[in-house]
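Just below is one structure, and these are the notes that go with it.
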Amino acid sequence: MSKKYCYLFTEGNAGMRELLGGKGANLAEMTNIGLPVPQGFTITTEACTQYYEDDQKINDGIMAEIMEYIEKMEQITGKKFGDLENPLLVSVRSGARASMPGMMDTILNLGLNETVVEVLARKSGNPRWAYDCYRRFIQMYSDVVMEVGKKYFEQLIDRMKAQKGVTLDVDLTAEDLKTLAGQFKDEYQSKIGQAFPSDPKEQLMGAIKAVFRSWDNPRANVYRRDNDIPYSWGTAVNVQSMAFGNMGEDCGTGVAFTRNPATGEKKLFGEFLTNAQGEDVVAGVRTPMPISQMAEKFPEAFAQFQKVCAILEDHYRDMQDMEFTVENGKLYMLQTRNGKRTPASALKIACDLVDEGQISEEKAVSMIEPRSLDTLLHPQFDGKVLKATPVIGSALAASPGAACGKIVFTAEDAKAWAERGEKVVLVRLETSPEDIEGMKAAQGILTVRGGMTSHAAVVARGMGKCCVSGCAAIKMDEEGKCFELSGKTFREGDWLSLDGSTGKIYDGAIPTVDAVIGGEFGRVMGWCDKYRRLQVRTNADTPYDAAQARTFGAQGIGLCRTEHMFFNEDRIPAIREMICSETVEQREKALAKLEPMQRGDFEGIYEAMEGCPVTIRFLDPPLHEFLPTDEADIALLAKDLGKTVADIKNIIASLHEFNPMMGHRGCRLAVTYPEIAAMQTRAVIKAALNVQARHPDWNMVPEIMIPLVGEVKELRYVKGVVVKTADEIIAAAGSSMKYLVGTMIEIPRAALTADEIAKEADFFSFGTNDLTQMTFGFSRDDAGKFLGAYYDKKIYENDPFAKLDQTGVGRLVDMACKLGRSTNSTLHLGICGEHGGDPASVEFCHRTGLDYVSCSPFRVPIARLAAAQAAIKCNNEAAAQK
Ligand code: ADP
Ligand code: MG
Ligand code: MG
């Protein structure tokens with residue numbers, strides 16, 4: 001049988017998300033459980049993929065199936081497309097598998113034309129409504145299908161309002177709206193060079209294509225990249241008969257959450273507008289009323305709505321985000337989904353649902369987006385300074401967190417300023433999907449218009465970014481890049497602080513304080529630790545970072561980079577002396593100066609880690625990185641070392657490399673200068689012995705990691721130096737302390753010969769930054785120049801330095817694990833690249849059978865959660881197999 005591309009809402013269910021998209025699957029599910037849903041059908045995500053395979057065309061087969069389903073829909077609703085008695089009007093809505101708010105475009109009231117609108121006006125006795133629908137349709141269709149741009153239409157509306165001396169859309173009369181519709185069509189004709197389509201079927205096909213096309217718009221591509229949504233998924237299209245919230249005062253439309261998405265409180269939360277349609281509530285043009293007032297306006301519909309909320313929560317066992325419309329007092333459900341929420345409310349809701357007996361701990365752990373934890377770990381305003389700082393304004397606490405930065409007025413500026421390292425706060429009249437990248441770059445967002453469900457609020461909560469919205473007291477001059485608030489003028493570049501948890505706005509910069517893991521956060525982390533198999537370590541080079549990571553639950557250090565210690569101002573002379581030495585004796589003398597400093601550093605780190613394992617990597621970067629570049633420094637160094645400036649310049653020239661990244665670095669340094677490895681070994685072992693003596697109850701087992709090995713013999717050689725040095729010191733101390741020597745796997749040749757290398761190594765740590773670099777053959781520092789073009793051409797969907805390339809680099813990792821364990825069954829395996837804190841990569845590490853991941857301190861809780869989710873997911877998969 002050939003593929004089925006269309007499903008009536010009565011044919012689908014919530015389990016068909018991949019095929020029907022989230023919106024379509026849930027419309028079907030709500031239909032199944034008997035909720036009032038305007039009926040329609042869903043065109044599958046496979047039709048979208050097929051559309052792209054067919055060179056952006058809807059093929060004849062799919063076209064015919066759509067027409068067949070339109071007829072079915074006509075039978076179900078008793079209305080007909082383009083009919084002069086009982087015309088069918090539909091919405092055309094996109095819906096991908098994962099919800100992508102504001103990413104795709106929706107068209108309402110499709111099916112209207114000059115004659116149909118007359119019929120509606122006459123039959124309903126409500127010409128205002130008919131023309132309101134008509135002008136909205138032309139506006140949305142033009143914007144979405146032909147990409148004409150909203151602003152031309154908004155200008156026409158503003159002009160009409162000015163002429164009529166009114167401020168709100170609802171004050172425009174039927175005649176006004178009819179005139180507007182005419183103007184809109186003229187605008188369309190003049191921009192497109194064709195008349196506005198009057199045939200409903202032609203309109204429908206145009207709209208469907210537009211939804212398919214919107215899957216590939218730049219905003220959608222950015223959102224997908226940020227949220228790990230593959231391009232190959234495609235979007236479904238929902239064709240649904242209209243429910244009208246704009247027929248008069250006994251109509252309206254709203255958005256609501258079954259629990260508070262900002263705090264998690266178990267209480268209906270939402271907003272409502274009478275005599276309105278579609279996105280009026282979220283667009284922030286009119287300020288909506290809180291959902292509680294709906295009880296007074298529409299007691300019956302409200303009572304029914306409360307029942308629906310309870311049914312939906314019980315059914316989905318999660319907080320629901322719903323869209324609904326009331327048409328002449330009757331409730332229609334238009335959408336439900338698991339609601340986006342702030343990280344703090346996600347934790348509260350997960351704990352509450354467990355306590356309410358709705359879900360298991362495993363389910364609670366799986367419900368939390370690992371990356372969202374990030375904001376909870378970042379600083380909050382310093383309470384004392386906050387109290388002492390005057391509040392200059394207050395608006396809706398749309399998304400919590402503290403933000404402090406310089407004011408910018410456009411998304412482009414936000415991006416540009418942030419790129420050059422400035423902290424910015426984005427201040428806008430209201431935000432739109434085009435602003436996403438700017439919102440991402442900003443510390444926080446402040447808008448003049450819009451409610452708790454405005455675009456800015458929803459997107460900011462999704463990003464875990466601070467947002468204060470709807471500050472009507474601001475007198476905004478977007479073009480002039482300034483605004484007035486509390487009698488003061490604020491210009492671009494002025495400092496502003498926002499508190500997204502209280503909605504307060506402060507003049508100037510307020511310092512911030514660190515976060516702690518407690519309460520619900522601590523409880524969920526406890527569950528994570530119960531269910532995960534992977535250990536989580538951290539990458540830390542200082543006692544400060546190490547201590548930070550410990551408070552976030554790190555179980556050890558997976559990567560301590562020793563070179564960072566050499567860059568210190570008081571140490572650089574000694575390291576320079578070492579580099580400029582001409583004999584082994586000179587070099588050893590310089591190294592002797594460095595040894596106590598290194599030993600002290602290591603002791604500090606061991607103390608901070610309280611006896612947990614610490615992997616110390618030996619010197620890695622090319623030596624020239626330590627040498628001075630400017631004349632004055634060179635002269636100073638010459639003087640210090642009793643050499644001439646020319647001598648020093650000669651040494652610098654001799655260290656020059658054409659490709660330092662692939663040059664004299666890593667274990668190659670220890671091969672040429674074994675005394676460096678010997679000194680570092682002494683520092684590590686002596687530090688461990690000292691700390692062991694101070695803490696007899698700790699079991700110190702230092703781990704020494706030799707970087708950049710590609711050949712077993714070079715590891716064997718360096719290891720020889722380490723073992724000889726270490727054994728002597730340990731014996732001399734009369735101790736029986738154990739230590740481990742391992743290597744980083746970061747050169748493809750090491751992965752390919754891992755069985756050989758494992759014979760000499762106690763552990764492997766995958767250095768996936770270098771491994772990615774060397775496998776792809778391009779550097780992390782230069783990839784930015786061309787990755788953009790690779791994204792555009794869909795060659796890569798992600799930055800392989802941020803998200804592990806499982807196909808290529810991952811294969812090397814997997815191979816190295818298997819080869820390594822085949823010759824060394826006790827080989828300990830970990831990863832210490834940036835990928836160690838990326839949730840998708842953590843899952844890969846779990847599946848590959850690594851023992852631990854290591855990531856930066858602030859990612860430790862994210863990795864703990866991701867590791868638990870991976871374990872739970874794999875268990876569920878295994879259970880499903882049986
Ligand atoms: P988004 O994913 O951006 O929310 P939607 O497809 O949900 O887009 O629709 C945009 C707006 O139009 C929403 O407010 C929705 O409730 C409204 N809407 C969609 N379909 C209908 C319909 N059949 N009748 C009335 N309103 C609708
Ligand atoms: Mg939308
Ligand atoms: Mg919606």
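Numbering of ligands and ligand atoms starts at 1, following listing order. Note: hydrogens, waters and symmetry copies are ignored here, and every other heavy atom, side chains too, is used. All of these numbers come straight from a predicted model, not from anything done at the bench. When a residue number appears, it is its place in the shown sequence, counting from 1.
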Taking the Mg ion (ligand 3) as the centre, how many protein N/O/S atoms fall inside a distance shorter than 2.8 Å?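 Every protein N, O or S atom under 2.8 Å from the Mg ion (ligand 3) counted, the figure is 3.
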With sequence neighbours excluded, what pairs up with Asp228 under the side-chain contact (heavy atoms from CB on, under 4.5 Å) test?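 Scan of Asp228 (side-chain contact (heavy atoms from CB on, under 4.5 Å), adjacent residues dropped) gives Arg371, Asn798, Lys803, Ala840.
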Select one of side chain, backbone, both or neither to describe which atoms of Glu323 lie under 4.0 Å from any atom of ligand 1, heavy atoms only.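 For Glu323, only side-chain atoms sit under 4.0 Å from ligand 1.
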Given that the side chain starts at C-beta and the backbone is N, CA, C, O, which of these parts of Ser241 lies under 4.0 Å from ligand 1, counting heavy atoms, or is it both or neither?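 Contact part for Ser241 vs ligand 1: backbone (N, CA, C, O).
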Near-ring test Phe298/Phe272, centroid separation under 6.0 angstrom: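 Ring centroids of Phe272 and Phe298 are less than 6.0 Å from each other.
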Is the gap between the ring centers of Phe324 and Phe305 under 6.0 Å?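 Yes.
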Parallel, tilted or perpendicular: which fits the ring planes of Phe196 and Tyr141, with parallel below 30° and perpendicular above 60°?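 Because their plane-to-plane angle is over 60°, the rings of Phe196 and Tyr141 count as perpendicular.
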Parallel, tilted or perpendicular: which describes the rings of Phe153 and Phe184, with under 30° parallel and over 60° perpendicular?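 It falls in the perpendicular class, over 60°.
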Against heavy atoms of Thr106, which atoms of ligand 1 measure under 4.0 Å?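 Checking each atom against Thr106, I get 5 (P), 6 (O), 8 (O), 9 (O), 10 (C).
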May I ask you to check if ligand 1 and [X] share an N or O to N or O distance below 3.5 Å?
| X | answer |
| --- | --- |
| Ala243 | yes |
| Ser94 | no |
| Leu108 | no |

Can you see whether Trp215 has Arg224 sitting over its ring - NZ or CZ less than 6.0 Å from the centre and within 45° of the normal?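 Yes, Arg224 lies over the aromatic ring of Trp215.
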Once salt bridge (Lys or Arg N to Asp or Glu O under 4.0 Å) is applied, do any residues pair with Asp132, and if so which ones, sequence neighbours excluded?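 Partners of Asp132 by the salt bridge (Lys or Arg N to Asp or Glu O under 4.0 Å) criterion, ordered by chain and then number, come out as Arg135, Arg136.
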Return the set of residues passing side-chain hydrogen bond (donor to acceptor under 3.5 Å, both in side chains) with Arg122 (not counting sequence neighbours), or none when no residue passes.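 With sequence neighbours excluded, Arg122 shows a side-chain hydrogen bond (donor to acceptor under 3.5 Å, both in side chains) to no residue whatsoever.
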